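These numbers come from a predicted model, not from an experiment. Order of listing sets the numbers, starting from 1, for every ligand and every atom in it. Values below: all heavy atoms of this structure, side chains included; hydrogens, waters and symmetry mates excluded.
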Amino acid sequence: MSRHRNIRSMNVHDEYEGYDDVYGHSVEDDYGVSPATEAQFMYRRSEAPRLSSFIEESKKESIEEEEEYDYDDHEDHDHSLSDSQTFQWPRLSDQNEARLRSCLEEIQNVIGDSVPQHVLVDTVMRCDYDLEKALDAVLSIQDKPKEARPMPTAAAPPRTQGAGAGDRWQQAPAKEEAAPRVAQVSTPRRQVKTGFQPVATSSKQVTTGFQVPPADTREVIAENGLSGSTEAGEREDQQAVPTSQKAAGKTKQGVLDVAAELSKRDEGKEVINMVIIGHVDAGKSTLMGHLLYRMGHVNKKTMHKYEVESQKAGKASFAYAWVLDETGEERVRGITMDVGLTKFETDHKVVTLLDAPGHRDFIPNMITGAAQADVAILVVDASTGEFEAGFEAGGQTREHAMLVRSLGVTQLAVAINKLDTVGWSENRYQAIVKKLGHFLKQAGFKDSDVVYIPVSGLQGENLIKPASEPQLTAWYKGPCLLQQIDSFKSPSRPVDKPFRFCVSDVFKGMGSGFSVAGRLVAGSIQNSTRVMVMPVGETATVKGIAIHDFPMNWACAGDHATLTITGTDIMKVSVGSVLCDLANPILAASRIRARVIIFNIEVPITKGFPVVFHYQTLSEPANIRKLISLLHKSTGEVTRNKPRCLSKGNNAVVEVELNRPVCLELYKDNKDLGRFMLRYGSATIAAGVVTEILNDQK
Ligand code: GDP
C-alpha cells in the first residue's frame, strides 16, 4: 500500500527517472539475436511463396471463405478453451458470461478436457448456469451411448467437403468416444498435496512454507481448502465424482473451512478494527503515539530523536504525536511501514488502527475510516473550555460520534484526555461523562457499550498500565485504555456470506495485474478465485492476497487485505468498487428507497435537494428525488405521507437518486453494506439505511 502511494505522489519527471529499470523493460535494448532466430523472423524474397504457386494450389481444392471471428467482441476470451475454430462463443451479458465461465471452469476442474467446450457451453446455458445441474447433465451425456454431435449453429455451418476448419465438427465425435469416463480422468492439477505446508507437485517441489504457492497449486488449494489432504484422499475424491458433485458445485470459498482456519490464525486472537475520533487538538495523535511507544512499538532512540526534533521546532509537546505523523511521512515516502504502528496486539486481540489521526479535520476521510471500523476511541479534551468547544455546535466531538454510530460502530471508549491540566479533578471528569453520556445515548449508543477512561496522553497516565497518579487513583479504579481495548467485544465475522470486498485503494504493483486494498466485509477469498468487479460487472482473478504486507492464501470477513488481481483493466476498478462472489454478485443501483435520520441541519431538505452520498469508501453526488413519508421516531409508523420538507431530527423515508450506479445491499441483508451517510456542504446532514433498490443494474 505504501509503494503505490509513493508512485502516485511522484512528479511526472520523478516517475520516469529510473522507471525503466523496474517496469516494462525486462530485456535490454542492445541484445543479440541468434542466427536461428534471425532466420525465422527475417523476410527473404527468394524464400517467399510466389503468388502463382498459390493460385495453382487453390485450383486443386476449393477455398471457402471462413467466417470471421469477431475478436473485438470477444477480446478477453480465452481462445485456448475453444475446441473448434468455428465455435462461436455466445453473445451474453457480462454477468451471464461470467457465470458461464465460472461454471465451465468448475466443470472442467472435475471432468478435465474430456468433453468439448461447445457441449459444455450449450449444457451450462440450457441448465440456466446452474452448476450442479450442468455437471449432472454433462456426466449423463458421458454415460449415454454416443450420439452424433449436435450440429453447429448457423453462424458456424457444418462443412462437408474439403479440408476446411468445419471438418472438425465431423471429427469431434471420434474424439469424444476416445474421451475417458469421468471416474478415470486424472487431472494432473488434482494430484497435488495441499495445505499450508510445503506444497509438492509432480513437476515442481516447493520447499518453502508460508509462501504464495505456484498458480496451479494455488488452484488446488482453492479447490480443496487448506487442511492438507493426501494423494490417496484426492484420488478417492475423484473416484467418487458423482457423490462429490455437491462439493464441486460449491464455490471455492465454500470449500475452505474458514472458521477453523481463522481460529488457528494469530494464535487464536481476534482481530478488531479501531478508529480514533475526536475534535482537532483533543490529543488523538499524542495519545496513540504514546500508547504505541509504551507498548514498545517505537524504540527509545527514535523517540529521543522525535523529542529533540520537536524541541528544536519549538513543538516539544508534539513529540508523541510525531510517532504517528512520522508514519504518515513514511507512507508518503513509500518506505515500508512499521507494521507495529498500524497493528498492535493486546492479550486477546490483534488491533488494526484505522485512519491515522494525522488526517484530522477531514471528515470524508474519517467516514472512510469509520466505515471500516468495528470499535472507536473518542478522545475529548478535558481542559477548561476545550471540552465545551469541541462539544458545542461546530465542534467535531458530536459529529464524529454520530458518524461512527451511523456507520455501524456500537462500542466506544471515551478517553477523557488532558486531565492533568485540571488537576485530575473528579468533578470535571463526572461533568464530562454526564454531558457526553446524555448525548451518546441520543446518538444510539447503549450505556453498556460506552466506557469512559480518564487519561493523559502526554504523561502516559492510565494508558497501558492502571493509573499510578495518586490524584487519579484516589477516585478512579476502572480499566486503563489498553485493558479496555482488550475487552472490546469482537464483532461477528460473516464468513459464510457471499464474498464482498470494498475497495478503498487501487494501485499498480511490481508484478502482473494490479492491487486493490480494502476490507473484506463478508465471506472469504482464496488465491486463484475468480471474482466479479461491481458495478462494472467485469470478472477478474485474485492472484495474490496480503494482510499487513504478509502473503496469505486466504482472507475472510473483517480482514483488511491487499489483493492482486488480473484479468481486468485497472480502469475498471476504483475506490468504491466491490469485488464479489461470481454466483452471487452485489447489486448496483442508482435509485434507492431509504430510511433516513436527519441530523442537526439549518436548511430544511426539500425534493431535489443535492447531497453527497457517502457509502463505505465511496462518495458520490446524489439528490433526494422524493420525500415519501415521515416516520414516528420510536414506533416507526408513518405519521405523514409526502411531506414537503424534512427538518432536524426527522425520521423519514426518501428516494435517493445517484449520479452513477453504486454497489449496494439492502440493510436487512447486510448491515454494513446497507447503510450510508448524506452530506451537504461541509456538514453531515443525515444517516440512512437502504430499504429498497429501485433500479437494480445487476
Ligand atoms: P490531535 O489533533 O487530536 O491529534 O491532537 P495532538 O495529539 O496533536 O495534540 C494537540 C496538543 O495537545 C499538543 O500540543 C499535545 O502536546 C497536547 N496534548 C495532548 N495530550 C495531552 C495531555 O494529556 N495533556 C496535556 N497537557 N497536553 C496534551
Side-chain angles (χ1 to χ4, degrees), residues 274-294 297-298 303-304 306-329 331 341-342 353-363 365-366 369-370 373 376-392 394-401 403-404 412-426 428-429 432 436 452-469 471-473 476 480-482 484:
M274 189 169 83
V275 67
I276 317 295
I277 55 173
H279 190 66
V280 59
D281 282 347
K284 301 180 290 292
S285 313
T286 306
L287 185 80
M288 291 318 293
H290 206 152
L291 184 100
L292 291 167
Y293 170 63
R294 292 265 171 125
H297 290 284
V298 189
M303 199 62 239
H304 181 69
Y306 295 148
E307 278 166 12
V308 173
E309 284 176 5
S310 58
Q311 243 167 20
K312 264 194 217 159
K315 293 180 172 180
S317 67
F318 281 91
Y320 291 112
W322 282 25
V323 171
L324 288 170
D325 292 347
E326 178 79 1
T327 314
E329 269 178 38
R331 286 181 183 170
L341 293 177
T342 48
L353 198 55
L354 294 169
D355 202 37
H359 298 144
R360 55 195 169 204
D361 302 338
F362 197 48
I363 290 192
N365 255 13
M366 207 217 89
I377 294 188
L378 170 64
V379 183
V380 297
D381 183 344
S383 12
T384 317
E386 289 304 321
F387 169 73
E388 289 72 14
F391 189 66
E392 298 312 330
Q396 285 144 14
T397 310
R398 282 168 184 263
E399 186 171 13
H400 282 195
L403 277 175
V404 289
L412 192 67
V414 181
I416 301 185
N417 192 29
K418 307 195 191 180
L419 218 57
D420 55 301
T421 60
V422 289
W424 300 101
S425 157
E426 184 181 4
R428 179 68 175 158
Y429 168 87
I432 292 173
L436 261 182
Y452 300 87
I453 302 156
V455 291
S456 167
L458 194 62
Q459 296 186 0
E461 189 59 38
N462 210 21
L463 296 189
I464 70 162
K465 283 191 194 141
S468 57
E469 165 62 49
Q471 283 175 289
L472 178 59
T473 49
Y476 182 76
C480 67
L481 189 60
L482 195 64
Q484 175 51 39

Do [X] side-chain atoms and [Y] backbone N/O form a donor-acceptor pair below 3.5 Å?
| X | Y | answer |
| --- | --- | --- |
| Glu461 | Ser468 | yes |
| Asn462 | Ile453 | no |
| Arg428 | Ala382 | yes |
| Tyr452 | Tyr429 | no |
| Lys284 | Val379 | no |
| His279 | Thr397 | no |

Numbered atoms and elements of ligand 1 in range of [X], under 4.0 angstrom, heavy atoms:
| X | result |
| --- | --- |
| Ser285 | 4 (O), 7 (O) |
| Asp281 | 1 (P), 2 (O), 3 (O), 5 (O), 10 (C) |
| Asp420 | 22 (C), 23 (O), 24 (N), 25 (C), 26 (N) |
| Gly283 | 1 (P), 3 (O), 5 (O), 6 (P), 7 (O), 9 (O), 19 (C) |
| Thr421 | 26 (N) |
| Ser456 | 22 (C), 23 (O), 24 (N) |
| Leu458 | 16 (O), 20 (N), 21 (C), 22 (C), 23 (O), 24 (N), 25 (C), 26 (N), 27 (N), 28 (C) |

With a 4.0 Å cut-off on heavy atoms, is Gly278 in contact with ligand 1? no

If I apply the N/O under 3.5 Å rule, does Gln459 come out as touching ligand 1? no

Test your reading of the structure: does Gly457 have an N or O sitting under 3.5 Å from an N or O of ligand 1?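 N/O-N/O distance under 3.5 Å: yes.
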
State which residue, out of Val422, Ile416, Leu436, Asp381, fulfils the side chain to side chain contact (heavy atoms under 4.5 Å, CB included) condition with Phe387.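 Looking at Val422, Ile416, Leu436, Asp381, the match for Phe387 under the side chain to side chain contact (heavy atoms under 4.5 Å, CB included) is Leu436.
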
Location of contacts on Asn417 toward ligand 1, heavy atoms closer than 4.0 Å: side chain

Just to verify, what does Thr421 make a side chain to side chain contact (heavy atoms under 4.5 Å, CB included) with, not counting sequence neighbours? Ser383, Lys418

